[in-house]
Structures are given as structure tokens and as C-alpha cells.
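Data block below; observations after.
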Amino acid sequence: MIVMKFGGTSVQDADALRRLTSIVEGRRGELPVVVVSALAGVTNTLVGLVPASERAERGALETAVAALVDRHERVAEELGLPDDVVGEIRAEADRLVAELKPHTGDGLSPAGTDRLTGVGELWSSRLAAGALAAAGMLGTWLDVREVMATDDRFGRAVPRQDTIRELAQERFGPLLAAGRIPVTQGFIGRTADGRTTTLGRGGSDFTASLLGAALDARRVEIWTDVDGVMTADPRIVPEARTLKVATYDEVAELATFGAKVLHPATQTPLAERDIPIVVLNARQPEQPGTTITTGKELERPGDSPVRSIAWKRGVIVINVRAPRMFGMWGFLRQLFEVFERHEVSVDVLASGEVSVSVTIDDKERLPRVLEDLSGLGVVHVDENRAIVSVIGIGLRMTRGVAARVFKTVQPANVEMISQGSSEINITFVVREEDAPDIVRRLHAEFIEGG
Ligand code: ADP
Ligand code: ASP
Ligand code: MG
């Protein structure tokens, strides 16, 4: 079997769903499981409704939900789908509004927030299943929450992979054996006590890979709006090209450092089982896309050592200066205990004799982290920073790349430098407003120039 995940733009309207149908049709013989995101823009709209729901503005919530249902209904009509598809979408909206009711008195709980922001996938999957069925395939809607067991970290729930494997085989196995095409949701999961969770923004890619690993898929396809994983973010580098191949490690670094094309956790369940990920363009399905594997064959000297450049905005640099740290053991442990306690992940670390700098992107938890760090030394915070990361498996074998990187970057000010222990990236921090131009210059130097 294979898993085929379609992102928001690949299900956004009737035309997109027609393309989805014909792409799935072409893969029928490979026993696909289809995973979909919410229609483009729907999750953002739902996230925007959270504050109103917290203030218990029921009218605003109901009006906005009704408008979203209308959008789905128009798509269903355009595709000529049977009435029961729209009926299910409406019923789901009614259940949502009813379930959120008990919370509205004292604001929306984290669980209520996930229930609300995750509803887009429950709707879009009805349209996709309906579209496949209408095209004569046995598209069968399945609620992924029945298999996607997670903990209760709402907003960024952690999947329980052993349970998922067991449940996925139990639920998907018979459908596939019966020649059906299961259509299910990305992004959402469920706690052991039955509450809806979400895996974090962009999490549908992660759902696809969790299901791919659980079902021993032959490959996982990520259908999106670009030709594959590219040498840079095409929105800021028009010259960016598509990579034919990439390694699990490269895409892990790329996604961690801002390349939105894949959720940062996507490759983890698949890398250990050696299941390839193929990133493809739903508007150009005949293009080969990018195939992501262990890529042993890519570690060839002679290729350009830099294969892609990523950047991430909204980064916060925290510097802790502690003269007492000189010659002391245990300081870093105390420092990292603070981040662990608040469950804030650190992306880049640079340390000197008496000071340590780290970057985080979690603005919400920043005040609590700072409060605890103040006990360790003098804390200084710089916001509006960006991380730029130069990534390539060939960096392991090539000398002098760092010198070339920093020569290209000057005269911009570089604030923190780190070369990951995986040795496949050189990463540094700059002011946010400098980053796009730096990415373009690095791309011209290492990729356009060869
Ligand atoms: P989907 O809705 O299909 O999940 P996303 O918007 O999450 O799509 O991700 C695809 C987008 O990622 C592309 O449209 C592109 O703008 C952006 N992107 C950023 N960096 C890269 C990169 N290195 N390669 C490809 N796309 C990238
Ligand atoms: N719809 C969710 C989001 O926009 C999940 C996804 O698209 O991957 O974050
Ligand atoms: Mg995405």
C-alpha cells in the first residue's frame, strides 16, 4: 500500500478535488490511503476564531462556522456530490458548536481549541471521499482519531506510535483488503480519554508518515503546490530549483530551519523503516518530484556541497551571561532544565566561556522561561531574528564552506553561528529584515553558481 497526502491547496476547490481524483485513480493498483488537510485557509480562519470563542462570543463563532460550511457546500455542489456529503459536513459543524458550548462560559480550554482548529480536516475529508466515490472509486471516509492515539499536549500532541500501529492495521487493513480507498484526516488525533488533539501546524505531513510507518507503506507521497523540495523557499528565491533526491537528514534540517514544505517530524517514523517520501506537485503530477531516502549514494565528493538553504523568521535569541559559569560543571544542565520544564525546544545553541546563547520560537512561553533563567545569570533577549541554514550532505566532506558562507553573508551582521553535530548544516542568526537577501546571495553563490 501507499499513503497519499494532499495539502490545503491540493483540496482547496472543485478543480483541486478533480485533480486529486485523477491522481488517486492513477495509483489505484497500489492500494492508496488518502490523507487530506483542511481546504486552504480554513485552519487559519479557525485559529482566528479562538479569541472570540474564548470571550464566549457565540454569535461570532456560529456565523463564521456557517460561512465555512457554505464554502464546503459550494464545492460539493460544483462537484455534483450527493446530499449526504453536505449533510455530514453540517452535522459535524453542529456537533462542534454544541461541544464547545460547555466551555464558553469560562473561555475555551486547550482541548476546546484543538476541537475547533481540527474541524477543517473532518470537513475536507468528506469532500475528498465523496469526490472519489462519485468518480466510481470506493472512497471510504474514516475518522483518523480512531487510530491516531496521542498524549494530551493540546496544540502539539505527541503520537503514541505503538498504539497507532496496532489500531491502524486493525482499521485500515480490512478496508484495503476489500479494495476500498480509505480517505482520512491529517493533523488531528485523540487522547486516551477521547478528546481531540492536533499535531501542530502543518501536521498533516506527520499524520501521513505515521500512517505510512504503521501500515508498512511502500512509500508516502506528499502532494503539494510546488514541484518538490527545492534549493530554497521559492517565494523569496525565484531561481530555486527542485531537488530530484534528498536524504532524511537533509529534510529534517530543512524543515526544522523553516522550509514549510514538510513538517519537521515527517521523516522520523519513516527513516527508521527506510520508507521513501516523495514530494509531488498536484498541479503537475507528471513531474518526478523529490524522492527522500537514506541517500547513501548522495554522499559523493564532487557534487555541490550545499544542496538547499532554509530560513526561519520569528526567532528569539536568549543570551545568559554568568561569570560564575567559568570552570563550573552543571551550568548547562541547569540551563536546559529550564527549557525542559517549560517544554520549549531550542533550535540553535552557541556557547562561550561565560555565556550561552540559544534560540527559541515560542513567544508564548518566553516570559515563564525568562523568569526561571534569571536565577542563572544576566539574561538578554533579542527578538525579530531569523535563522539561516545552509544544508547539504556534502558538507561533511568539504572544507572551506564556512569561510565561503560568511564571506557571502557580509556585510550583514551575524549574531550566532553553529554547525550542527550532524555536520550537514551551517546555521547562523541574523536580523529578520536581512534574511531574505542573505538567502538570495547564498543561493546565487552555492547553487546558481554551482
Ligand atoms: P501544503 O498545504 O501542501 O502542506 P505548504 O504551504 O505547507 O503546503 O508547503 C509548501 C510550501 O512550502 C511551498 O508553496 C513553498 O512556498 C514553501 N517552501 C519553503 N521552503 C521550501 C523549499 N525548500 N522547497 C519547497 N517549498 C518550500
Ligand atoms: N490544516 C493544518 C494546518 O494548516 C494541517 C496541515 O495543513 O498540515 O496547519
Ligand atoms: Mg504543509
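Reckoned from all heavy atoms, side chains included, excluding hydrogens, waters and symmetry mates. Read the numbers this way: they start at 1 and go in the same order the structure lists the ligands and their atoms.
Contacts of Ser37 with ligand 2, taken as heavy-atom pairs under 4.0 Å, involve the side chain alone. Only side-chain heavy atoms of Glu121 come within less than 4.0 Å of ligand 2; its backbone N, CA, C and O stay farther off.
A donor-acceptor distance shorter than 3.5 angstrom exists from the side chain of His263 to the backbone of Ala265, with no hydrogens or angles considered.
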Enumerate, one pair per line, all nitrogen or oxygen atoms of ligand 1 lying under 3.5 Å from a protein nitrogen or oxygen, stating the separation to 0.1 Å; write 'none' if no such pair exists.
unit_1: ligand 1; atom_1: 2 (O); unit_2: Gly8; atom_2: N; d: 3.2
unit_1: ligand 1; atom_1: 3 (O); unit_2: Thr224; atom_2: OG1; d: 2.7
unit_1: ligand 1; atom_1: 4 (O); unit_2: Lys5; atom_2: NZ; d: 3.1
unit_1: ligand 1; atom_1: 6 (O); unit_2: Lys260; atom_2: NZ; d: 3.0
unit_1: ligand 1; atom_1: 8 (O); unit_2: Thr224; atom_2: OG1; d: 3.2
unit_1: ligand 1; atom_1: 9 (O); unit_2: Lys260; atom_2: O; d: 3.4
unit_1: ligand 1; atom_1: 12 (O); unit_2: Val261; atom_2: N; d: 3.4
unit_1: ligand 1; atom_1: 14 (O); unit_2: Asp225; atom_2: OD1; d: 2.8
unit_1: ligand 1; atom_1: 14 (O); unit_2: Asp225; atom_2: OD2; d: 3.3
unit_1: ligand 1; atom_1: 16 (O); unit_2: Arg235; atom_2: NE; d: 3.0
unit_1: ligand 1; atom_1: 16 (O); unit_2: Arg235; atom_2: NH2; d: 3.4
unit_1: ligand 1; atom_1: 23 (N); unit_2: Met230; atom_2: O; d: 3.1
unit_1: ligand 1; atom_1: 24 (N); unit_2: Met230; atom_2: N; d: 2.8

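Distances between N or O atoms of Lys5 and those of ligand 2 include no value under 3.5 Å. Between Gly200 and ligand 2, not a single N/O pair is under 3.5 Å apart.
When every heavy atom of Ala259 is checked against every heavy atom of Ala310, the shortest pair comes out as N-CB, 4.4 Å.
Put simply, the residue from Val245, Ile292, Thr242 that forms a side-chain contact (heavy atoms from CB on, under 4.5 Å) with Val229 is Ile292.
Side-chain contact of Trp141 with Ser125: a donor-acceptor pair under 3.5 Å is present, judged by distance alone. No side-chain donor from either of Arg190 and Thr150 sits under 3.5 Å from a side-chain acceptor of the other.
Listed by atom number, the atoms of ligand 2 under 4.0 Å from Arg201 heavy atoms are 3 (C), 4 (O), 9 (O).
Residue Gly202 places a heavy atom less than 4.0 Å from ligand 2.
The six-membered or imidazole ring of Phe206 lies away from that of Phe187, with a centre-to-centre distance of 6.0 Å or more.
Ion pairing between a basic and an acidic side chain is recognised when a charged N comes within 4.0 Å of a carboxylate O; Asp362 and Arg365 show such pairing. Note on Glu92 versus Arg126: no salt bridge recorded, every NZ/NE/NH1/NH2 to OD/OE distance being 4.0 Å or above. Contact check on Asp216 versus Arg273 returns a salt bridge, with a Lys/Arg side-chain nitrogen under 4.0 Å from an Asp/Glu carboxylate oxygen.
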